[in-house]
Amino acid sequence: MPEIPSPRAVRLAAPGWLDPRLVAGVLLVLVSVVVGAKVVSDADEYEQVWAARLDLAAGTVLACGDLTVRRVRFYGNGRRYLAARADPAGFVLARAVGADEFIARAALRPPGTATSLRLVTLPVQRHHVPVALGHGSLVDLYVTPKPEGGEPSGSSQLVLPRAVVASIDEGAGRFGAGSDLGVVLQVPEGKVAAVVAAAQRGALDLVRVPTGADGTAVPGGSPGGRGEQGG
């Protein structure tokens, strides 16, 4: 019988650099690496913004000591808040701000907005001042008239509601009585005379008004992102 020739073996050629499948595979790997690196980079990207150290009332003229810097990871709304690179001193709060709350740009008025306010220093006995009162606290000012001719002094009177504390001077002896504190209040220009007269009529009392009692304060916390305390 004649010998039947066997079929010729076909060898697979090694893929070249311009093979479409190899190029597509390399591109897919490169895209995956770039996207993964971008996701990791964005996840670790923090911004520094100002946050309140304590409750601050509406109308407070900000000082750097009222605020602290926090490192925050935002998700698309970071521009709503005051960056730590901006100087907050002198800006006026348009609404109450809770402790640890980020300072929103919309909550600020330009420096000099509170030009109609006057700073009035009042002598208040230590035990007639709420505990932990400080700059930015909100208080009602009451006066209890002095007794006249042995007659009862009468009931206390509200002199100025919702006044913002500018500062407290604890230096003894400034007002001739070591138990007095010098409490500086922000007083509307038209109320200054009544407040000064009240200090002459009797004993003064300051009653703390909880921040946000007017419904405008945002609860303390970290709106819009997750943060950690900075320096």
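Both backbone and side-chain heavy atoms feed into the values below; hydrogens, waters and symmetry mates do not.
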### Message
For a quick test of reading the model, state the closest non-hydrogen atom pair linking Pro145 to Gln157 and the distance between them.
### Response
CG-NE2, 4.1 Å
### Query
Is it true that Val69 and Phe91 fall in one hydrophobic cluster, defined by side-chain heavy atoms closer than 4.5 Å?
yes
### Query
Which of these passes side-chain contact (heavy atoms from CB on, under 4.5 Å) with Leu62: Leu56, Asp87, Leu82, Val92?
Leu56
### Query
Thr60 and Gly136: which non-hydrogen atoms are nearest, and at how many Å?
OG1-CA, 3.5 Å
### Query
Closest heavy-atom contact between Arg105 and Ala83?
NH2-N, 4.2 Å
### Message
To the closest 0.5 Å, what do you measure between CG (Leu122) and CG (Leu181)?
### Response
11.5 Å
### Task
Could you tell me the separation between the CZ atom of Arg53 and the CG atom of Asp66, rounded to the nearest 0.5 Å?
9.0 Å
### Query
Just how far is it from atom CG of Leu119 to atom CD of Gln186, taken to the nearest 0.5 Å?
6.5 Å
### Message
I'd like to know if Val143 and Val183 are part of one continuous hydrophobic network [Ile/Leu/Val/Met/Phe/Trp/Tyr, side-chain heavy atoms within less than 4.5 Å].
### Response
yes
### Task
Kindly give the heavy-atom pair with the smallest separation between Arg109 and Ala94, and that separation in Å.
NE-CB, 3.5 Å
#### Entry: Short side-chain to backbone donor-acceptor contact, Asp55 and Gly98, under 3.5 Å
no
### Distance-minimising heavy-atom pair for Arg95 and Ala107
NE-CB, 3.8 Å
### Task
Indicate if Leu158 and Val196 have the same hydrophobic cluster label, given that clusters are the connected sets of ILVMFWY residues with side-chain heavy-atom separations under 4.5 angstrom.
no
### Summary
Heavy-atom closest pair (Asp140 atom, Arg162 atom, distance to 0.1 Å) is OD1-N, 2.8 Å
### Message
Run Leu138 and Val164 through side-chain contact (heavy atoms from CB on, under 4.5 Å) and show every step you take.
### Response
CA-CA 5 Å; Leu138 198 63; Val164 178; 3.9 Å; yes
### Query
If only atom types and distance count, is the side chain of Arg71 paired as donor or acceptor with the main-chain N or O of Gln48 below 3.5 Å?
no
### Query
Is the shortest heavy-atom distance from the side chain of Pro88 to the side chain of Cys64 under 4.5 Å?
yes
### Message
Do Val195 and Val159 make a side-chain contact, defined as non-hydrogen atoms from C-beta onward lying under 4.5 Å apart?
### Response
yes
### Task
Evaluate the side-chain contact (heavy atoms from CB on, under 4.5 Å) criterion for residues Thr68 and Trp50: first the C-alpha distance (whole Å), next the side-chain angles of each, then the deciding distance (0.1 Å), finally the verdict.
CA-CA 6 Å; Thr68 185; Trp50 289 110; 5.8 Å; no
### Query
Would Leu141 and Leu206 count as a side-chain contact (heavy atoms from CB on, under 4.5 Å) if you check the C-alpha gap in whole Å, the side-chain angles of each, and the deciding distance to 0.1 Å?
CA-CA 5 Å; Leu141 173 64; Leu206 298 180; 3.6 Å; yes
### Arg70 side, atom CZ; Tyr81 side, atom OH - distance, nearest 0.5 Å
13.5 Å
### Task
Indicate, with yes or no, if Val124 and Leu160 share a hydrophobic cluster defined by side-chain heavy-atom contacts under 4.5 Å among Ile, Leu, Val, Met, Phe, Trp and Tyr.
yes
### Query
Checking side-chain contact (heavy atoms from CB on, under 4.5 Å) for the pair Val139/Val209: CA distance, chi angles, key distance, verdict?
CA-CA 5 Å; Val139 296; Val209 178; 5.6 Å; no
### Task
Could you check if a side-chain atom of Leu185 sits within less than 4.5 angstrom of a side-chain atom of Val165, using non-hydrogen atoms only?
yes
#### Entry: Hydrophobic cluster membership, Leu204 vs Val120, 4.5 Å side-chain cutoff
yes
### Task
Verify, without hydrogens or angle tests, whether Arg208 (side chain) and Val131 (backbone) share a donor-acceptor contact under 3.5 angstrom.
yes
### Message
So if I apply the side chain to side chain donor-acceptor pair (under 3.5 Å) rule between His128 and each of Asp180, Thr144, Asp205, which one comes out positive?
### Response
Asp205
